[in-house]
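Everything on this sheet refers to the single structure shown next.
Side chains are part of it too, since the values below use all heavy atoms of this structure and drop only hydrogens, waters and symmetry mates.
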Amino acid sequence: MSSAEAGDVFLRARGRTLDAFSSEKERKWKGPFYFIQGADPQFGLMKAWSTGDCDSGGDEWEQEIRLTKQAVEAINKLNPKPKFFVLCGDLIHAMPGTRWRKEQTKDLQQVLKAIDQDIPLVLVSGNHDLGNIPTAETVEEFCQTWGDDYFSFWVGGVLFLVLNSQFFYDASKCPALKQAQDHWLDQQLSIAEQRKCQHAIVFQHIPLFLCSIDEEDDYFNLTKAVRKELASRLTRAGIRAVFSGHYHRNAGGTYQDLDMVVSSAIGCQLGKDTHGLRVVVVTAEKIVHRYYSLDELSRRGIDDDLKELMKE
């Protein structure tokens, strides 16, 4: 495998950056490209959901293994290759300190090792990865297993920010860690605000909102006060899009010039969508995205109109 033996594939986010890309070389716009976004493989949830025991169920995850393998195989077949594959949280279902966590982690890593070595894996922390109320210990466990919980990287003149959205949800047990991310985020947003990048894009697990900035508080969004404050910070800096998961359904909306994109899951579906992945094309002027079922992407690949955008 490229820079690393298998285990290091999951530890490429270190020192608040991603070692898969050279920051200096990647700061200049080089033309259109695309990446793949997935969310919520969440090994164990399908069994837990089917039995109505989401807290302590989830002792089987063969379906999630099969679906995630299908996702990896579909991505590996794509031509041209995506610049990277980002997984927006809830990698496994078992919360910190609960049964099956070690086994689910091992099995997910085994599947993800099959990703083409030329397609870097970008990993985002979710509530099941850190706990609904994270602690310094659960954050450290995630970092030791999957790499930094927040970081930035450059690809082709575009600045990408990966955030730990649990700090926006409830950081009562680790306020110093939240404060550190906030300080770091201000520094990153100042770069975007000075327009030193072609675009700036955020990845996080919990959406700011599902449809509207003014919607009611819900398990699947951030509270109104938090989302409005964060959305204002992001739009002020010129962030073009936030990509998230968590909802296990496709959703989204806009706030000023910000596109809030909520992608359904690779794993368990809680609505009418299909197990799938999102193809995101970045051009000089815009960011275009389309959700594909795993079967569609495996069978036919990326649509011609999206390929045409990459020729501009």
Name the residue from Val279, Val282, Val280 that meets the side-chain contact (heavy atoms from CB on, under 4.5 Å) definition with Tyr34.
Val279
Kindly check if the number of other-residue, nucleotide or ligand heavy atoms within 6.0 Å of CD (Gln179) is above 12?
no
Looking at every non-hydrogen atom in both residues, tell me the closest pair between Glu103 and Trp61 and how far apart they are.
CB-CZ2, 3.7 Å
Just say parallel, tilted or perpendicular for the rings of Trp29 and His199, cut-offs at 30° and 60°.
perpendicular
Determine, using the 4.5 Å side-chain heavy-atom cutoff (strictly less than), whether Val262 and Leu91 are members of one ILVMFWY cluster.
yes
Minimum heavy-atom separation for Leu11 and Gly147, please, with both atom names.
CD2-N, 3.5 Å
What closest approach, in Å, do Arg99 and Ala94 show between heavy atoms, and which atom pair accounts for it?
O-CB, 3.3 Å
Could you walk me through whether Leu277 and Ile75 pass the side chain to side chain contact (heavy atoms under 4.5 Å, CB included) test, one step at a time?
CA-CA 9 Å; Leu277 295 165; Ile75 292 168; 3.8 Å; yes
Under a 4.0 Å threshold between the charged nitrogen and the carboxylate oxygen, would Lys228 count as salt-bridged to Asp214?
yes
Does a donor on one side chain and an acceptor on the other come within less than 3.5 Å for Trp100 and Asp59?
no
Counting the benzene-type ring for Trp, do Phe203 and Phe151 have ring centres under 6.0 Å apart?
no
Where Cys174 and Pro134 come nearest, the two heavy atoms and their spacing:
SG-O, 3.4 Å
Is a side-chain donor-acceptor pair under 3.5 Å present for Asn132 with Asn127?
yes
Between Ser244 and Gln204, does any side-chain donor sit less than 3.5 Å from a side-chain acceptor?
no
Decide if atom NZ of Lys106 counts as having more than 12 heavy atoms of other residues, nucleotides or ligands within a radius under 6.0 Å.
no
Honestly curious: do Val155 and Val288 fall in one hydrophobic cluster under the side-chain, below-4.5 Å linking rule?
no
Yes or no on side chain to side chain contact (heavy atoms under 4.5 Å, CB included) for Ile287 and Val281, after CA distance, side-chain angles and deciding distance?
CA-CA 6 Å; Ile287 298 159; Val281 178; over 6 Å; no
Taking Phe84 as the starting point, is it possible to reach Leu112 by hopping between hydrophobic residues whose side chains are less than 4.5 Å apart?
no
Cluster overlap Ile266 with Ile36, hydrophobic side-chain contacts below 4.5 Å
yes
CD (Glu285) with more than 12 external heavy atoms under 6.0 Å
no
Identify the heavy atoms of Asp259 and Gly253 that sit nearest to each other, and give their distance.
OD1-O, 3.6 Å
Are any non-hydrogen side-chain atoms of Val111 and Ile65 less than 4.5 angstrom apart?
yes
In plain terms, say whether Arg249 and Asp273 are close enough for a salt bridge, that is, a side-chain N and a carboxylate O under 4.0 Å apart.
no
Check the pair Leu208, Leu258 against side chain to side chain contact (heavy atoms under 4.5 Å, CB included), reporting the backbone distance first and the verdict last.
CA-CA 11 Å; Leu208 299 173; Leu258 179 72; 3.8 Å; yes
Does a side chain donor of either His248 or Gln42 reach within less than 3.5 Å of an acceptor in the other side chain?
yes
Parallel, tilted or perpendicular: ring planes of Phe167 versus Tyr150, cut at 30 and 60 degrees
perpendicular
Using every non-hydrogen atom in the two residues, find where Met260 and Val242 come nearest and quote the distance to one decimal.
CE-O, 3.4 Å
Donor-acceptor side-chain pairing of Gln269 and Ser264 below 3.5 angstrom
yes
Sequence neighbours excluded and cut-off under 3.5 Å, please list the side-chain donor-acceptor pairs for residues 157-164, or say none.
residue : atom : partner : partner atom : Å
Asn164  : OD1  : Gln166  : N            : 3.0
Asn164  : ND2  : Asp149  : OD2          : 2.9

Do other residues, nucleotides or ligands put more than 12 heavy atoms under 6.0 Å from Glu216 CD?
no
Donor + acceptor pair across side chains of His246, Asp40 (<3.5 Å)
no
For Asp170 and Ser172, does a side-chain donor sit closer than 3.5 Å to a side-chain acceptor?
yes
Arg14 bridged to Asp148 by N-O distance under 4.0 Å:
yes
Tell me whether Asp217 contacts the main-chain N or O of Lys224 through its side chain, where contact means a donor paired with an acceptor under 3.5 Å.
yes
Test salt bridge (charged side-chain N to carboxylate O under 4.0 Å, His left out) applied to Arg101 - qualifying residues, sequence neighbours left out
Glu141
Measure the acute angle between the ring planes of His289 and Phe243, then classify it against the limits of 30° and 60° as parallel, tilted or perpendicular.
perpendicular
Listed once per pair and sorted, the salt bridge (Lys or Arg N to Asp or Glu O under 4.0 Å) pairs that draw on residues 182-202, sequence neighbours left out:
Lys178-Asp182, Asp182-Arg233, Asp186-Arg233
Do Val124 and Leu230 sit in the same hydrophobic cluster, where Ile, Leu, Val, Met, Phe, Trp and Tyr count as joined when their side-chain heavy atoms come under 4.5 Å apart?
no
Has Trp154 got more than 12 heavy atoms of other residues, nucleotides or ligands less than 6.0 Å from its CH2?
yes
